[in-house]
Each structure stands twice: as C-alpha cells, then as structure tokens.
Amino acid sequence: MLLGCQSIAPKDPESASNSAINNNQVSESVPPKVQHKRLRETLLAVSHQTYAETLNQCRYFPMGYSPCEGPARYIVYSIKTMSSAEQAKLLQQVEEYNQLDQFIQELRPITSHCQPKPVPRFSLINNQCRDANPLLKPLPMSNSNQI
C-alpha cells in the first residue's frame, strides 16, 4: 500500500540551487520570489483537497527546503478527485517549488535550530485525509507577509 509520494527534491545541494534556473523552469520575465510565492499558494491550496474514501487515496509531498534533514514540512492531500495528469503536474510543481525555495534560502541563509519534520502518518476522519502525527499543526492558506 502506497501511503505517499517519495521525496523528489534533488539530493545534491550544489546542483539543486541552480537547477530550477538552469533547466529554464523559471520564466525570465517572472522573478524567482514571485514564482516561489505563486507556487507556494498553489501547493497550499492542495492541502485543502483532503476528501477521500480510503486511506489509499491519501498522499503527502515534501514542501520547502530545510538545511536540516528532510523538507521544511509535509503536505497531506487526497488524490480522490485528481486525474493522473493533475497528479503529475502537482509533483512537477512541488519539485519546482522546492528547488526555488532552496535557491532563495541559499541566497539569504537563516540560522535556526534543526528539527527534522516527521513523515506523516495518515488517518481518515470523516472522509478527510489527516496527518495522525500529533506534532504537526494545520498550515494557514496564505499569508501575504510570507514568501
């Protein structure tokens, strides 16, 4: 039983920092921070798509770069209403966001304590995919002060 997608962020931090730009994934007419913000909002919207009939329809993806082990967070969502093409596009957006996030963070390093995020454990409550890990809190939909 597959409970989530694998981490799709590049393992090599040197190549990851410029891979989004080198692969022409970032439009030259859109600044990386603007593209990053748009992708963030798109990905956070997916976190509200949680309707499922079985646990097999629950998935997660790693979101954001963390200089510590693993991603900055995980997003739990459902594939119940997503086509295969929509799932593929989502994973492409996740990869692009994570590369941009790493690139931006490496431009302006922020020191913080490292605390790896636990991989989600799914539960299905009232036909909604939820993370059963009590350490994680729901994410806000959007905050104009965050980029």
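All figures in this text were calculated on a predicted structure; none of them were measured in a lab.
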Chi angles and distances behind the side chain to side chain contact (heavy atoms under 4.5 Å, CB included) call for Met63, Arg40: CA-CA 9 Å; Met63 183 174 170; Arg40 181 181 189 277; 3.7 Å; yes
Chi angles and distances behind the side chain to side chain contact (heavy atoms under 4.5 Å, CB included) call for Phe122, Arg130: CA-CA 6 Å; Phe122 299 125; Arg130 298 286 183 234; over 6 Å; no
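- Minimum interatomic distance between Leu100 and Leu39 (heavy atoms only, all atoms of both residues): CD1-CD1, 3.8 Å.
- Tyr51 and Val46 are members of different hydrophobic clusters when ILVMFWY side chains are connected at heavy-atom separations under 4.5 Å.
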Candidate pair Leu43 and Ile75, rule side chain to side chain contact (heavy atoms under 4.5 Å, CB included), full reasoning: CA-CA 8 Å; Leu43 297 178; Ile75 302 293; 5.7 Å; no
Residues Asp101, His36; criterion side chain to side chain contact (heavy atoms under 4.5 Å, CB included); working and verdict: CA-CA 7 Å; Asp101 197 57; His36 180 264; 2.7 Å; yes
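- A pairwise comparison of heavy atoms in Cys129 and Val76 identifies CB-CG1, 3.9 Å as the closest pair.
- Between Gln87 and Met82 the shortest heavy-atom distance is NE2-O, 3.4 Å.
- Among all heavy-atom pairs drawn from Glu53 and Asn127, the shortest one is CA-ND2, 3.8 Å.
- In this structure, Gln128 contributes its side chain and Ile125 its backbone to no donor-acceptor pair below 3.5 Å.
- Classified by interplanar angle (parallel below 30°, tilted 30° to 60°, perpendicular above 60°), the ring pair Tyr74/Tyr60 is perpendicular.
- For Gln102 and Asn98, the side-chain atoms include no donor-acceptor pair closer than 3.5 Å.
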Stepwise ring pair (Phe, Tyr, Trp, His ring centres under 6.0 Å) check, Phe61 with Tyr77: CA-CA 8 Å; Phe61 59 81; Tyr77 67 102; 5.5 Å; yes
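- In terms of modelled atom types and a separation under 3.5 Å, the side chain of Ser78 and the main chain of Cys58 share no donor-acceptor contact.
- Atom CD in Gln57 sits 9.5 Å away from atom OG1 in Thr81 (nearest 0.5 Å).
- Asn133 places no side-chain N or O within 3.5 Å of a backbone atom of Pro120 that could act as its donor or acceptor partner.
- Minimum heavy-atom separation, Ser123 to Leu55: C-CD2, 3.8 Å.
- Proximity of a side-chain donor or acceptor of Arg59 to a complementary backbone N or O of Asn56 within less than 3.5 Å is detected.
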Side chain to side chain donor-acceptor pair (under 3.5 Å) assessment of Gln99 paired with Glu95: CA-CA 6 Å; Gln99 290 173 355; Glu95 183 174 355; 3.3 Å; yes
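- Annotation: the span from Gln93 atom CD to Thr42 atom OG1 amounts to 5.5 Å, rounded to 0.5 Å.
- Scanning both residues, Tyr65 and Gln105, for their nearest heavy atoms gives O-NE2, 3.1 Å.
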